Each structure stands twice: as structure tokens, then as C-alpha cells.
Amino acid sequence: MAVPIFSPVVGWFARLGRAYRLTLEHSGALGLLVWHTIVATVRLRVRFRDVVTQMHIMGIQSLPIVFVTASLAGIVTSQQGGYQLISASPRYVLGTLVVQSIVLELGPLLTAIVLVGRIGARITAELGTMVVSEQIDAFESLGRDPVAILAAPRIIAGIITMPLLVAFADVVGIWAGMLMANFDAEIGPETFLYGARLFWHSWDLFYGLSKAVVFGFVIPVISVHMGFRTRGGAEGVGLQTTQAVMFMILTILILDAMFPPLMLQ
Amino acid sequence: MIRYRNIHKSFDIPVLEGVDLEVETGEMFALFGPSGTGKSVLLKTTLALVIPDRGDVEIDGLSVYYGGPKTLEQVRRKIGFVFQHAALFDSLNVFDNVAMGLPEAELARMPRRDVARRVWDALETVNLEPREILAKIPSELSGGMKKRVGIARAVVGRPEILLWDEPTTGLDPINSAAVERLIKRLSTELEVTSLLVTHDVEGGLSMCDRVAMLYAGSLRFCGTPDEFRNSPDHVVQAFVDRAAAEAALDMALV
Ligand SMILES: Nc1ncnc2c1ncn2[C@@H]1O[C@H](COP(=O)(O)OP(=O)(O)OP(=O)(O)O)[C@@H](O)[C@H]1O
Ligand SMILES: [Mg+2]
């Protein structure tokens, strides 16, 4: 029994200690997962077919929702930009604004958020179910490596697929923004593209796609990690999936905020 | 031979607190115990599916926890594990599920026809009609069928040791008798060592060479079935009596 009078303080320290331990535990497990994935990949224990299957699920099957999200992002940016810039700046600046917003920020970020819901949640639920129904144990008991079979294909596929999806989102978003500019602000494609080119650095595309690679790594790593840690039946799977989604979104937003100071100096 | 040495494991609360147990080669050994005492956890420590906090397991002299990854691989190849809830792979059909029971390297170089033969034979030993179920996926099977496919997967690789986590729970009397016959046949004909966790105390006592009872974190009893029935220990007595009462109730209901 804790001494009653100290209990709020003790409780606070206990919580702090627990949070600290949990953070260490998660970091350790995440690090191990990444390490095992690298080892399994280098030793060629990952089946190419599994990677292709995952790329199909993450990439091809995500195209419709990414298309919708990216076009809306392009349309909204174009409209708001047109509204704010009207009469104050040269008209071609709208092209600059839309292209830069999409390539630097909206393309990678929105695609990542969509993929958290579509892929991240799915992976955690899938692997979590395999844990609670002892399928992961069964893999191990049969001498198979769950990381090589389940984790690595998803992580590799994420790293490859995400930049492709973001490139697709960029093209769609810019195209939608350009259509909107033509329609709404009566800025023709030539003017729009002139503005886009005027301030264009190839570095921007590299920057946006670097984000994509990082997010494409983070989503499967966290979702696989959370899936493997699932405990306690169907309820546990639900709980774990929600937590994984929060974890992924927060990580992505934090990483997104770290990119400008690191890469846009 | 399986030798558990001083196995400790806690999750939020201590589950195993120093379990020592030896199962001889070729022996049929039953492990009893109330629900939640850690019988499944103990079985899983044999293959490092659950890592104990302290202690070691030796399989024919190979140390599971101090022998390195190669030894663990070797140990896992020797042992077949029958999971309490079958644990079939959802996304694979019955054929691929059972074929997974063959070691990875062997499966890669074995001709498809030989794989098919092994899978076929394994399904027949558990009283399943291969033709009907080979192409089905687990969600299309009944609980008892899943369980038997799980057994087929565990035996198809011809293990030297079989760990059975409640193999007959959830099976009808005919199939549970068939599984009991299978366990007996494997151990008499093929010298397979069987360690069996079961709630069917009568079945375990009549079938096994030795039995043990796990209670409150450690082994409360270890000996022959006769010694178990006549044990002066009141905890063992209460357990035997309740099992007998439950068996009688089951008989009345059938
Ligand atoms: N992965 C785990 N995480 C947390 N607790 C666990 C885990 N596995 C088992 N436990 C706990 O360990 C205890 C023993 O579980 P175990 O499944 O071994 O019991 P059991 O003897 O097999 O029971 P039953 O006869 O019902 O199958 C239980 O209290 C369970 O909640
Ligand atoms: Mg159990």
C-alpha cells in the first residue's frame, strides 16, 4: 500500500515511469523490427511474390481514393489561392502557389493520411488477428520467420509504392488545380504553367518524394509493430488498430514538421 | 527427451514460478491443471513461442535458450505443435496449410506430387476426406475439422516430439477417440514423444505413461496415473473428483 498522503505524487511518478518504460519498449521493438527486416531482406528470405502482392494492395487499389483526394486538394488550393491573390499579385503566381503546395506538402501528407486509414489500419488488424488466433506462433513453430513472411514484404512495398502514389497524386492535384484556375479565375494553362516553372526547383520534387519514402516506411513499420503487439481477442484487435492509427498520424505529422528545418534551408 | 528447468514466466502477474519437468523419449505424458494456470504457456516455452523470464528447456540435450538460432531451428524441426484453437492460416487453403508443416527447405525441393502425397496421408490419419477439403479455406470448416487440419499440419513433417494443446477439446466423441488412437499409434509405432495438455482427465489417465498437474505456478504432482488417482494430496484429490464428476455429467448429456 502506498502512503495515502503521497499517493497523487506517487501516482504521477508511476505514470511518468510507465510512460517512459513504454516509450523505451516501443522504440526497442521498432528498432528490432526494422533490423530483422533488413536482415531478412539482405539474406533474400523475402519472397518477391509477397512484395508484389502488397504493392498491388497498397498501390493499384489505392489509386481511386488517392485520385479523389488529390484532385480535391488541387481544386481547393486553386480556389483559395485565386481568392486571396486576386488583383494583388500577378496572375501566374497562382500556378506557383498550387504546384508548390501540392508538391511540397499536400501531395505527400494527404496521401500518407489516406494510406494510414486504408493500409495501416488494415495491416494492424490483419496481423493482430493472426496474433490472437495463434497464427504467428504457428508460423514460428513451423520454423518460418513471421518478419520475412509478413513484415518485410509490407515494409518494402510501402517504401517503393508510396513515392509512386505521391507522384501520381502530384500530377492529379496539379492537373485539377490547373483546370480549376482556368474555370474559376480564368487563368489559362500557359499562365499557370509559366508561374509553376518560374519558381520551380527540382529540389522541391526530391523533397516531396523524400517525404513520401519516409511516410511509406513509417506506415507499414508502425502498423506491423502494433499488429504484432496485439493482445486479448477481438477487442484487443480493435483497440490496437485505433491506437495504431493515432500513432501513425501523430508520427507522420511530427515528421512532416521536421522536414522544413532539415531540408529547406 | 524434453527437460524443463526452473521455468519462470510472469505477464502482469506471475504465471509459472519454477517449473521442473522431464518427459522421456517415446513417453506419453499428460499435463493437467485448472484453466489459466499456464499449461499453454509452458508448452509454448518449449519452442520459444513464449520466452520465459528465467530457466531453460532442453530437447535431446539441445538448449533452446542458450543454444543460439541454429539450435532453435533444429529444435523446432523436431517438434510438432498442435494449437489449442488450431491456428490455421486464414489466407491459405487446407492443402497449403498442411504443406506448411513440412520444413521450408524440404518443401522447396520436394516434387509437387510428393508434397501432395504427404498432405493427403496426413489428412487421412486425422479422419478427414482429402478430396473434399483440400481446396477449402479455414473459414469454410467447422471447429472440429479445423482442429484436425491443425493436427495434420503438426504431424506431416514427421516430428520426433509432439506437443498437444488440448487436442480433443471441442471434438465429438468419435473424433476425439480417433485422435486419442492417433496419439497412441504415433507413440507406439514411431516412438514419438507426446506431451499432452488436456482437460479430459480420464482420457489422459487411461492413455498416458505418466501425468503431472500444474497448480499455482509449479508442478503439484508428477507420477504414474495410479499414483495420481490415489494421491493423498487434497488438491490433487479435489481435481480428480471434479474431473470424475464432470465426466459423469458429460456421459449423462451424451
Ligand atoms: N501473451 C500473453 N500476454 C499476457 N498474458 C498472457 C499471455 N499468454 C497467457 N497469458 C496469461 O497467462 C495465464 C495462463 O495462460 P494459459 O493460456 O497458459 O492457461 P492455460 O492453463 O492454458 O488455460 P486453459 O486451460 O484455459 O487453456 C493466463 O492468466 C493468461 O491470461
Ligand atoms: Mg491453454
Side-chain angles (χ1 to χ4, degrees), chain A residues 14 18 21-22 25 28-29 32 35-36 39-40 42-54 56-57 122-154 227-234 236-237, chain B residues 11-12 40-41 43-51 64 69-92 96-108 138-139 143 146-147 149-151 153-157 159 161-163 165-166:
Chain A
R18 219 172 300 138
R21 207 193 63 197
L22 207 62
E25 228 177 84
L32 269 181
W35 174 244
H36 283 162
V39 170
V42 171
R43 290 198 182 149
L44 300 178
R45 310 225 20 210
V46 185
R47 288 200 311 179
F48 183 65
R49 211 179 56 185
D50 292 345
V51 177
V52 173
T53 309
Q54 291 304 321
H56 180 79
I57 295 172
R122 171 183 174 148
I123 292 177
T124 304
E126 201 178 352
L127 299 191
T129 307
M130 295 185 76
V131 170
V132 301
S133 60
E134 298 181 313
Q135 290 177 55
I136 305 288
D137 282 342
F139 269 124
E140 290 193 316
S141 80
L142 298 170
R144 307 307 204 272
D145 176 9
V147 172
I149 297 178
L150 300 166
R154 286 166 173 79
F228 278 162
R229 284 175 65 95
T230 307
R231 295 286 171 268
V237 174
Chain B
F11 292 101
D12 300 325
S40 299
V41 170
L43 275 196
K44 286 184 182 179
T45 61
T46 326
L47 290 174
L49 304 177
V50 168
I51 315 277
V64 175
K70 281 273 173 288
T71 308
L72 180 58
E73 216 171 281
Q74 227 173 317
V75 165
R76 284 180 172 167
R77 201 161 325 136
K78 278 174 181 279
I79 299 181
F81 198 116
V82 176
F83 288 89
Q84 191 166 355
H85 305 287
L88 301 184
F89 305 118
D90 290 330
S91 55
L92 303 180
D96 289 330
N97 257 291
V98 177
M100 278 295 250
L102 296 165
E104 202 169 9
E106 208 172 308
L107 188 61
S139 60
K146 281 186 202 166
K147 195 113 192 193
V149 174
I151 295 174
R153 183 178 68 187
V155 300
V156 72
I161 298 172
L162 275 161
L163 306 176
D165 199 351
E166 309 201 3

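In the text below, chain A, chain B and the rest are named by the order of the sequence lines, each starting its count at 1. Worth knowing before you read on, the calculation uses all heavy atoms, side chains too, and leaves out hydrogens, waters and symmetry mates. Just so it is clear, the structure is predicted and the values come from calculations on it, not from any experiment.
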Contact class of [X] relative to chain A, heavy atoms under 4.5 angstrom:
| X | value |
| --- | --- |
| B:E104 | both |
| B:L88 | backbone |
| B:L92 | neither |

- Query: Heavy-atom distance under 4.5 Å between the side chains of A:I149 and B:F89, does that happen here?
  - Reply: no
- Query: Given the options B:L49, B:V75, B:L163, which has more heavy-atom pairs under 4.5 Å with chain A than any of the others?
  - Reply: B:L49
- Heavy atoms of B:G101 and A:L142 approach each other most closely as CA-CD2, 3.8 Å
- Query: Which heavy atom of A:R144 sits nearest a heavy atom of B:L102, and at what distance?
  - Reply: NH2-O, 3.0 Å
- Going by residue number, which parts of residues 131-140 of chain A are within reach of chain B, meaning a heavy-atom gap below 4.5 Å? A:S133, A:E134, A:Q135, A:D137, A:A138, A:F139, A:E140
- Message: Does any backbone or side-chain atom of A:R45 lie under 4.5 Å from a heavy atom of chain B? Answer side chain, backbone, both or neither.
- Response: side chain
